[in-house]
There are 4 protein chains.
Amino acid sequence: MGSVKTKRMPRAVRERQMLDAAVQTFGRRGYMAASMDEIAELAGVSKPLVYLYLNSKDELFTACIRREAAALTEAVRAGVRPGFSADRQLWEGLCAFFTHTAQNPDGWSILHLRARTHGESFAAEVTAMREDIVALVTQLIAAAARDGGSPCSNDGGNPGHRGSGLPEREIAGLAEALVGAAESLAAWANATPGVSARQAAATLMNFAWAGLGNLMEGRSWSPPEPD
Amino acid sequence: MGSVKTKRMPRAVRERQMLDAAVQTFGRRGYMAASMDEIAELAGVSKPLVYLYLNSKDELFTACIRREAAALTEAVRAGVRPGFSADRQLWEGLCAFFTHTAQNPDGWSILHLRARTHGESFAAEVTAMREDIVALVTQLIAAAARDGGSPCSNDGGNPGHRGSGLPEREIAGLAEALVGAAESLAAWANATPGVSARQAAATLMNFAWAGLGNLMEGRSWSPPEPD
Amino acid sequence: MGSVKTKRMPRAVRERQMLDAAVQTFGRRGYMAASMDEIAELAGVSKPLVYLYLNSKDELFTACIRREAAALTEAVRAGVRPGFSADRQLWEGLCAFFTHTAQNPDGWSILHLRARTHGESFAAEVTAMREDIVALVTQLIAAAARDGGSPCSNDGGNPGHRGSGLPEREIAGLAEALVGAAESLAAWANATPGVSARQAAATLMNFAWAGLGNLMEGRSWSPPEPD
Amino acid sequence: MGSVKTKRMPRAVRERQMLDAAVQTFGRRGYMAASMDEIAELAGVSKPLVYLYLNSKDELFTACIRREAAALTEAVRAGVRPGFSADRQLWEGLCAFFTHTAQNPDGWSILHLRARTHGESFAAEVTAMREDIVALVTQLIAAAARDGGSPCSNDGGNPGHRGSGLPEREIAGLAEALVGAAESLAAWANATPGVSARQAAATLMNFAWAGLGNLMEGRSWSPPEPD
DNA sequence: TATGAATGAGAGTTCATTCAT
DNA sequence: GATGAATGAACTCTCATTCAT
């Protein structure tokens, strides 16, 4: 005698549906332009249920950020497996990164675009994740410097500079720059049809590894004297 | 004590005030979160006057984009003065760029963040400006390649490669990458206290000029064979 | 004391309340002067609910027009029951018409005044209804002409003219004129206290049926020669 | 040294321009939808000047009504010249009426549509004018009844009923109906291309004079007994 | 567990109207 | 005599959020 239409589902499943819908909507429209109505409809549930499970638009957005941040971090970490050379690890990490962002454009949009442009607390969530990844990259660069192998895997290395290393501050700057460049490239690769994750990664390795090599060898460009 | 409510000003002045207020508000809050009320109040006028002069939120936003795009382009062009070597011109242009974005963070936020995430027509305005700048950079790189001098201005040059040049397509790609990197760095420099425009410019010159040199010499990083 | 604020009603009921309120408000004030606030308040609900159910002022107005047009058409059709003589049917139809417009002055105001003076699409709704009714009247007049009986039901008829009939075009013109006259009379009857629906109908029958008789007999007034 | 553009004009001329613009705008858009901005622009003056001369939207509208009412009354009176037979006078009056409304559609729209649907005070202005005209028509009908000539100018008359007259109440009702019919017809004639004023007048004379004749001869349609 | 019914608050926009010159 | 500059108030419409069941 009960309604046939009602579908009771375990909480975890419902919550996942809602988050999926929310990620898609926030990712495509942005925080403000996304409406709870649209999210609820896309999730196939009523609005009060969304509030029952996720409390408010703010918390829903935060939950999206956390889930997507965790997924991305996890994907990158899974790529960077110890036991290989530093440049190989970086390469694999980049591939994982570009693959994941290409497969989850909405999630990446939330992390890269939407969360950073809407309130300190949201930005802080992303910043935390970013720092995790920067730390990972920093380790890799430092390892490469320690290993002494020239980071350019195919030119025979430059033994004379082994171990001389770079000051920690430089390494941090480089890691920062590399991550920033990767973020930029991901947006570009997602928007440009026909650019694969491996191509994006190769482009970046070329650009970065070359500059890195030069710097480790002590060569640098210096500005002209101001007039 | 405090500001007296100034009244009855010529239209041009009021319009400027409104644009100033709008740039600040849009830049900090984003298009959707910025309210016409807030803009009007910040400009010190009533809302109807904003509509009388600027017609709608859309048109007001567009006016902001145009004004800021023109100002930025102008600043960069003023920096890149012919008569110097290509690398010097690039350096000056980057300094002008980082200086301008540091001094106009709200305007830069509109161009880099807000306009690109809100509707095709807004993004198109920015894309037009960006293409102007990419073209400028492309010219500089091509000039450097023609000059035959190694782009690293302080290592004596590499006469063997003079004129061999890079294919046009490569140059365009490099320009694109360089501009993208500059955009990324500007956001970072603005957000990180203690990073001057010159430092940001130097970082980028080092990174890019070195990579450029490697590429011109035919050296590149190549990925490992997949397992 | 006074009405308790009734709450939580099924959608159909609320929607009816809103339409009632809207018909009254639009009918008395006109489309532009009626405010959604006023309608919502009269309906005893909040504005958002009106929008939730009826989408926009335009659609709400259209819904009013449709409901009132259907009600009026239905009332007239119910009056004109086949099986009686044509003049009797016309008489009953007119009575029904005047009765209905007298009992629903706001609805009639919408159909006769407001919808026709506000935008083609609204006017088209009313025109459609009007054409229905004109067609009905045309049938009745044609039937009367076919019956051959003089339309004056109490003067013994005029056998000599049986079947000679009127050209179709004339009949259509007469129907148009009769409906137009009825519309005018309805407004007048509503505005003049002490004029019953039956009186209005009788006045019109006298006026129209006599003219119709004259025309069928070929008598007509002709203008003097211009000076 | 003064500005060439300023055109000083005598008050009467300016006021006329404003009224012309107002009549056109009110007539086409209706009271609410007409904006003072549009009127001022159409009149070629600034808004404050409109307020200086005509005080408010309400007063401006009233001024329009009065001017157009006076013009219409004047036109009809000029048509109805004593010395002719009653039906001829009525005919000329109708011609004048239809001609004037056709030549001043905006003014007629104000009188017939707009003023009557916006507030008692506006409607009262029109009612006053209408009563003037109804009185005029009443006189003509009464005169026709007194003259004893059958109102049907071309069928030889019906001497038997001369002077028997109609009760005053009947005459008033007829005049009312005739004026109402004329109003309806005017709107229809204006909206239908190819219908001249004379045609509209002839249509109405035919319709009305015939019914009037029948009534004067004591023939009338009577309703069936209610069930 | 799940939802139909309902709203307070605020968004963008327009308009009649008035100063100050 | 004439106007550029300016606004209070009201309008249509949307949205995050909550009851009552």
Side-chain angles (χ1 to χ4, degrees), chain A residues 2-3 5-11 14 32-40 44-53 55-60, chain B residues 5-11 13-15 32-40 44-58 60, chain C residues 5-11 13-15 32-40 44-60, chain D residues 3 5-11 13-14 32-40 44-53 55-58 60:
Chain A
S3 148
K5 205 175 172 188
T6 313
K7 292 193 216 157
R8 301 269 176 129
M9 314 193 45
R11 171 158 185 153
R14 275 275 192 253
M32 294 249 46
S35 88
M36 296 297 273
D37 269 294
E38 188 177 359
I39 292 171
V45 298
S46 69
K47 243 187 316 177
L49 200 58
V50 179
Y51 278 88
L52 188 61
Y53 283 0
N55 302 318
S56 75
K57 197 184 187 185
D58 260 47
E59 285 191 36
L60 175 54
Chain B
K5 207 167 187 183
T6 316
K7 292 195 159 195
R8 301 267 152 186
M9 322 199 27
R11 173 166 182 152
V13 177
R14 273 278 189 256
E15 220 168 293
M32 295 246 54
S35 89
M36 294 299 271
D37 268 302
E38 189 178 358
I39 292 171
V45 297
S46 69
K47 234 187 330 174
L49 200 58
V50 179
Y51 278 89
L52 189 61
Y53 287 177
L54 287 140
N55 300 320
S56 74
K57 199 183 186 185
D58 258 48
L60 175 55
Chain C
K5 205 166 188 184
T6 317
K7 293 197 160 197
R8 301 270 149 183
M9 322 201 27
R11 171 163 183 153
V13 177
R14 273 280 189 253
E15 219 167 294
M32 297 244 49
S35 90
M36 294 299 271
D37 268 299
E38 188 179 358
I39 292 172
V45 297
S46 69
K47 234 187 330 176
L49 201 58
V50 179
Y51 278 90
L52 190 61
Y53 286 177
L54 288 141
N55 300 320
S56 72
K57 199 184 186 184
D58 257 48
E59 282 191 39
L60 176 54
Chain D
S3 148
K5 204 174 171 189
T6 313
K7 294 192 216 157
R8 301 269 174 127
M9 313 194 45
R11 172 159 184 153
V13 178
R14 274 276 191 251
M32 297 250 38
S35 87
M36 295 297 272
D37 268 296
E38 189 177 359
I39 292 171
V45 297
S46 69
K47 244 188 314 179
L49 200 57
V50 180
Y51 278 88
L52 188 62
Y53 284 0
N55 301 319
S56 74
K57 198 183 186 186
D58 261 46
L60 175 55

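The CE atom of D/Met9 sits 11 Å away from the P atom of F/dT3 (whole-angstrom rounding).
Taking CG of C/Leu60 as the reference point, atom CD1 of C/Ile39 lies at 5.0 Å (rounded to 0.5 Å).
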* Structure fact -> For DNA chain F, the dot-bracket notation using Watson-Crick and G-U wobble pairs below 3.5 Å, [ ] for pseudoknot-type crossings and | for other-strand pairs, is .||||||||||||||||||||
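By the 6.0 Å and 45° rule, B/Arg14 does not stack over the aromatic ring of B/Tyr53.
Using a 4.0 Å cutoff on non-hydrogen atoms, the parts of residues 32-39 of chain C near DNA chain F are C/Ala34, C/Ser35, C/Met36, C/Asp37, ordered by number. Proximity of residues 45-55 of chain C to DNA chain F (heavy atom under 4.0 angstrom from any strand atom) is restricted to C/Lys47, C/Pro48, C/Tyr51.
Here the closest heavy-atom approach between residue D/Ser46 and residue D/Ala40 is recorded as C-CB, 4.2 Å. Nearest heavy atom pair, residue B/Met36 against residue B/Val50, reads CE-CG1, 3.9 Å. Here the shortest heavy-atom pairing between B/Asn55 and B/Leu52 reads OD1-O, 4.2 Å.
Among the heavy atoms of the strands lying under 4.0 Å from B/Arg11 are primed sugar atoms or P, OP1, OP2 only; no base atom is included.
Residues passing the side chain to side chain contact (heavy atoms under 4.5 Å, CB included) test with B/Asp58, sequence neighbours excluded: B/Tyr31, B/Ser56, B/Phe122. Residues that satisfy the salt bridge (charged side-chain N to carboxylate O under 4.0 Å, His left out) test with D/Glu38, not counting sequence neighbours, are D/Arg29. Partners of A/Lys47 under the side-chain hydrogen bond (donor to acceptor under 3.5 Å, both in side chains) rule, at least two apart in sequence or in another chain, are A/Asp37.
For C/Arg14, whose side chain is taken as the heavy atoms from C-beta onward, the closest listed nucleotide among F/dC13, E/dA6, F/dA6 is E/dA6.
No donor-acceptor distance shorter than 3.5 angstrom exists from the side chain of B/Lys57 to the backbone of B/Ser35, with no hydrogens or angles considered.
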